[in-house]
Amino acid sequence: MGTEVINSNCFLATDCSDVYSSDKTSSGVYTVSSIDGPVQIYCDMIPSGENHSKGHWTVILRRTDGEVNFFRPWDSYKRGFGNKEGEYWLGLEFLHLLTRRNRYKLRVDLEDFDGTKAYAVYESFSVDSETDGYKLHVSGFVDGGAGDSLSNHNQMKFSTFDKDQDLRGSENCALKHSLGGFWYKTCYDTNPTGLYLWGKDDGSLNIGANWFYWKKNRKSLKAITMKITRVM
């Protein structure tokens, strides 16, 4: 699939809501604008069907097959990495720039290795600046069968193995459990950037990409997607 640039003399897209408004209604990779220059994003244009969005989702994280290594340093999580048509992390700086300008809601889609699916919606989502540790603000949980594994991370700063900002004391959650980067607390109720384990763990390893309150275990998921849409 090609990457389409949404940019004209009278219109400058910043997220997937803008992309959709420019009559680009197919899901895929698009190039939008930020103050740091052009950014590639994946737009999921499919309506949720549960009265939580008409579509226009900007995907901020996707895990599907273990193709991308998420055990990365601070700068990678700041700028973003991965394959926009596959597994990737969009980038903290871009998330901050988006959510300081407009209001967004978050949807998290889950799938296990038996093909069972669930989701969670948070009616408000934003990320502070790097100066404030890219602190997470999330609220307004709506259950789509997944349970609430993110609210406990509210008000947490982002941590990676080389930048410890969690509340674990002298231990670094990302380093202790060989995790990726996330808004860890002491340490987590969800860890979407954990190791991809292809369903080969029973949750006891405590290092997989998981969402604890779905099934009250830490088994690695087959797929997890985090995506945001603008609240008009």
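These values consider heavy atoms only, across backbone and side chains, with no hydrogens, waters or symmetry-generated copies.
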CG of Leu106 to OG of Ser126, rounded to nearest 0.5 Å, is 11.0 Å

side-chain contact (heavy atoms from CB on, under 4.5 Å) assessment of Arg103 paired with Ser124: CA-CA 7 Å; Arg103 294 175 57 231; Ser124 179; 6.0 Å; no

Interatomic spacing from CG in Leu95 to CG in Asp128 - rounded to 0.5 Å: 12.0 Å

Does Ile224 belong to the same Ile/Leu/Val/Met/Phe/Trp/Tyr cluster as Leu197, with side-chain heavy atoms less than 4.5 Å apart forming each link? yes

Are Phe212 and Met226 grouped together when hydrophobic residues (ILVMFWY) are joined by side-chain heavy atoms under 4.5 angstrom apart? no

Do you know the tightest heavy-atom contact between Gly115 and Glu111? CA-OE2, 3.7 Å

Take Tyr77 and Phe158 through the ring pair (Phe, Tyr, Trp, His ring centres under 6.0 Å) test and state the conclusion after the steps. CA-CA 9 Å; Tyr77 276 93; Phe158 202 87; 5.4 Å; yes

Test your reading of the model: is there a side-chain donor-acceptor pair from Asp114 to the backbone of Thr116, 3.5 Å cut-off? no

OG of Ser159 to CG of Asp164, rounded to nearest 0.5 Å, is 5.0 Å

Would Thr14 and Arg101 satisfy side-chain contact (heavy atoms from CB on, under 4.5 Å), going step by step from the backbone distance to the final call? CA-CA 10 Å; Thr14 59; Arg101 177 182 298 180; 3.0 Å; yes

Would you say Val59 ends up clustered with Trp89 if hydrophobic residues are merged whenever their side chains have heavy atoms under 4.5 Å apart, either directly or through other cluster members? yes

Please examine the side chains of Gln155 and Trp183, heavy atoms only from C-beta on, and report whether any two atoms are closer than 4.5 Å. no

Can you tell me how far NZ of Lys105 sits from OG1 of Thr229, rounded to the nearest 0.5 angstrom? 7.5 Å

Are the side chains of Ile228 and Leu98 in touch, meaning some heavy atoms are under 4.5 Å apart? yes

Determine whether Trp214 and Val108 make a side-chain contact, defined as any pair of heavy atoms from C-beta on separated by less than 4.5 Å. no

For Met45 and Thr25, which heavy atoms make the closest approach, and how far apart are they? CB-O, 3.3 Å

Interatomic distance, OG1@Thr160 vs NZ@Lys78, rounded to 0.5 Å, equals 12.0 Å

For Tyr88 and Gly80, indicate whether the former's side chain and the latter's backbone hold a donor-acceptor pair under 3.5 Å. no

What are the two closest heavy atoms between Asn191 and Gly208, and how far apart are they? ND2-O, 3.4 Å

Checking side-chain hydrogen bond (donor to acceptor under 3.5 Å, both in side chains) between Tyr188 and each of Asn152, Asn206, Asp166, which is the one that passes? Asn206

Taking atom types as modelled and ignoring hydrogens, do the side chains of Gln165 and Trp74 form a donor-acceptor contact shorter than 3.5 angstrom? no

Does any N or O in the side chain of Asp36 come within less than 3.5 Å of the main-chain N or O of Ser34, such that one atom is a donor and the other an acceptor? no

Phe161, Phe81, Tyr196 screened by ring-ring contact (aromatic ring centres under 6.0 Å, His included) with Phe71, the one that passes: Phe161

If hydrophobic clusters are built by linking Ile, Leu, Val, Met, Phe, Trp and Tyr wherever their side-chain heavy atoms come under 4.5 Å apart, do Phe70 and Leu205 end up in the same one? yes

Would you confirm whether Thr186, through its side chain, and Leu167, through its main-chain N or O, come within 3.5 Å as a donor-acceptor pair? no

Does Thr190 reach the side chain of His153, with side-chain heavy atoms less than 4.5 Å apart? yes

Arg62 side chain vs Gly86 backbone, donor-acceptor pair below 3.5 Å: yes

Any donor-acceptor pair under 3.5 Å from Thr99 side chain to Val127 backbone: yes

Within the side chain of Tyr119, is there an N or O that forms a donor-acceptor pair under 3.5 Å with the backbone of Asp143? no

Check this for me: does any side-chain nitrogen of one of Arg230 and Asp15 sit under 4.0 Å from a carboxylate oxygen of the other? yes

May I ask you to decide if Cys16's main-chain N or O and Thr58's side chain share a donor-acceptor pair within less than 3.5 Å? yes

Report the C-alpha distance between Asn83 and Tyr42 in whole Å, list the side-chain angles of each, state the deciding distance to 0.1 Å, and finish with yes or no for side chain to side chain donor-acceptor pair (under 3.5 Å). CA-CA 10 Å; Asn83 171 14; Tyr42 187 92; over 6 Å; no

Contact check, side chains of Lys222 and Asp112, non-hydrogen atoms, under 4.5 Å: no

Stepwise side-chain contact (heavy atoms from CB on, under 4.5 Å) test for Leu221 and Arg63: CA-CA 9 Å; Leu221 297 170; Arg63 307 294 303 279; over 6 Å; no

pair Asp109-Lys227: side-chain heavy atoms closer than 4.5 Å: yes

For Gly180 and Ala174, which heavy atoms make the closest approach, and how far apart are they? O-CB, 3.3 Å

Taking atom OH of Tyr213 as the centre, report whether more than 12 heavy atoms of other residues, nucleotides or ligands fall under 6.0 Å from it. no

Quick one: OG on Ser27 to CD1 on Ile46, what's the gap to the nearest 0.5 Å? 4.5 Å

Run the numbers on Glu93 and Tyr134 for side-chain contact (heavy atoms from CB on, under 4.5 Å), then give the verdict. CA-CA 8 Å; Glu93 186 63 20; Tyr134 291 123; 2.4 Å; yes

Determine, stepwise, if the pair Asn172 / Tyr184 fulfils side chain to side chain donor-acceptor pair (under 3.5 Å). CA-CA 9 Å; Asn172 179 336; Tyr184 297 121; over 6 Å; no

Which atom names give the shortest non-hydrogen contact between Ala118 and Gly145, and what distance separates them? CB-C, 3.8 Å

Hydrophobic cluster membership, Leu175 vs Phe182, 4.5 Å side-chain cutoff: no

Distance-only, no hydrogens or angles: does the Glu87 side chain make a donor-acceptor pair with backbone N or O of Asp65 under 3.5 Å? yes

For Ala120 versus Gly147, what's the shortest heavy-atom pair and its separation? CB-O, 4.0 Å

Report yes if the side chains of Ile35 and Leu97 come closer than 4.5 Å at any heavy-atom pair, otherwise no. yes

Side chain of Asp148, backbone of Ser151: donor and acceptor closer than 3.5 Å? yes

